[in-house]
Amino acid sequence: MKIAVLSRNRSLYSTRRLVEAARERGHEVRVLDVLRCYMDITSHKPKIHYKGEDIEGFDAVIPRIGASVTFYGTAVLRQFEMMGVYPLNESVAISRSRDKLRSLQLLSRKGIGLPVTGFAHKPDDIQDLIKMVGGAPLVIKLLEGTQGIGVVLAETKKAAESVIEAFMGLQANILVQEYIAESGGADIRCFVIGDKVVAAMKRQGAEGEFRSNLHRGGSAALIKITPEERSTAVRAAATMGLNVAGVDLLRSNHGPLVMEVNSSPGLEGIEAATGKDIAAMVIQCIEKNAKPNQTRTRGKG
Ligand code: ADP
């Protein structure tokens, strides 16, 4: 097969591993910087140009589109879809998963366990908002944040009020969430391919830190997950319409709760923690499913 990897940087671990795994399995691979792709969207025969060249003949495309380039990246991916190229994850599913509010609403509609969560932009009655989600302690999240930045634990009602007021002053959308204290500063990353969790790791925050992000000094370890956690992760990925996803769960007293579904999950942490060849599994998934003109908007958006 001829496979394109949409990635801004070919030296990133995940990109390198995918290229390596595809070549090992006898495929031809090319890394394309998504921002350098340009196209005539009105042509009857959709095309993509890259560095002056008309690129064609790809059987599959692996989108590794960073959060900061979602808008342009999904447009390029849509063009591949219009050309009949099989996308590992569809553009619609990626856009859906990048919108935290939309994602949580979709997951909630499917009855998937979530921490009690409120959305707000400029509430006139902050006390009522706090009451609505069950009172302090609360986790308040800036919607635009990544890697744990803009995620604050407010231990008291007073602290919650001040943080919400501060975020309101920034004109930001915020998410106010029940604090799952029993997860003990840890979360579980489930790597889903198709209808299976192929690997799982527990990420534990540094001492005294409730956020488990590896970028914030958290550490990762292999973990055995329960059948309920497995099925929750698979259902969450399916709800978003993602073939490959990183589903982050919190272990609560009332079962697994989904925090986030990531459409471009990194391979480095999970391959290191589990010793598994996840890149090869991703390529196998493409081998199994790639056919021309397969893009259907799956899931409900
Ligand atoms: P980001 O997407 O920026 O990483 P998250 O929403 O994943 O932000 O939050 C960062 C970390 O904070 C999570 O990995 C988790 O360890 C912790 N966390 C987030 N929400 C909660 C919550 N409601 N209860 C307990 N811990 C949480």
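Each ligand, and each atom within it, is numbered from 1 in the order the structure gives.
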Apply side-chain contact (heavy atoms from CB on, under 4.5 Å) to residues N262 and R189 and explain how you reach the verdict. CA-CA 10 Å; N262 193 314; R189 160 59 62 95; 3.8 Å; yes
Would V76 and M39 satisfy side-chain contact (heavy atoms from CB on, under 4.5 Å), going step by step from the backbone distance to the final call? CA-CA 8 Å; V76 172; M39 55 235 172; 3.9 Å; yes
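Between R78 and E81, none of the side-chain N atoms (NZ, or NE/NH1/NH2) sits under 4.0 Å from a carboxylate O, so this pair counts as no salt bridge. In this structure, E53 does not pair ionically with K51, as no charged nitrogen and carboxylate oxygen lie closer than 4.0 Å.
Taking distance alone, with nitrogen or oxygen atoms compared against 3.5 Å, E260 approaches ligand 1 more closely than that limit. When only interatomic distances are considered, the shortest N/O to N/O separation between R203 and ligand 1 does not fall below 3.5 Å. In terms of N/O distances under 3.5 Å, ligand 1 is not approached by S183. For the pair Y179 and ligand 1, the shortest N or O to N or O distance does not fall below 3.5 Å.
R64 and T15 share no donor-acceptor pair across their side chains, judged by distance under 3.5 Å alone. Between the side chains of Q177 and T117, at least one donor N or O lies within less than 3.5 Å of an accepting N or O.
Under 4.0 Å from ligand 1, heavy atoms of R211 appear from its side chain as well as its backbone. Contact annotation for K100 and ligand 1: only side-chain heavy atoms (C-beta onward) come within less than 4.0 Å of the ligand. By the criterion of a heavy-atom distance under 4.0 Å, neither the backbone nor the side chain of D248 is placed next to ligand 1. By the criterion of a heavy-atom distance under 4.0 Å, both the backbone and the side chain of I180 are placed next to ligand 1.
Heavy-atom proximity to atom 9 (O) of ligand 1, evaluated over T117, I140, V151, is greatest for V151.
For ligand 1, the atoms sitting less than 4.0 Å from at least one non-hydrogen atom of D187 are 14 (O), numbered in the order shown with element in parentheses. Close approach to K141 involves these atoms of ligand 1, each under 4.0 Å from a residue heavy atom: 5 (P), 6 (O), 19 (C), 20 (N).
Sorted by first and then second residue, the pairs that involve residues 8-47 and meet ring-ring contact (aromatic ring centres under 6.0 Å, His included), not counting sequence neighbours, are Y38-H49.
Between N173 and K100, the closest side-chain pair of non-hydrogen atoms is not below 4.5 Å.
At a 4.0 Å cut-off, not a single heavy atom of Q204 sits close enough to ligand 1 to count as contact.
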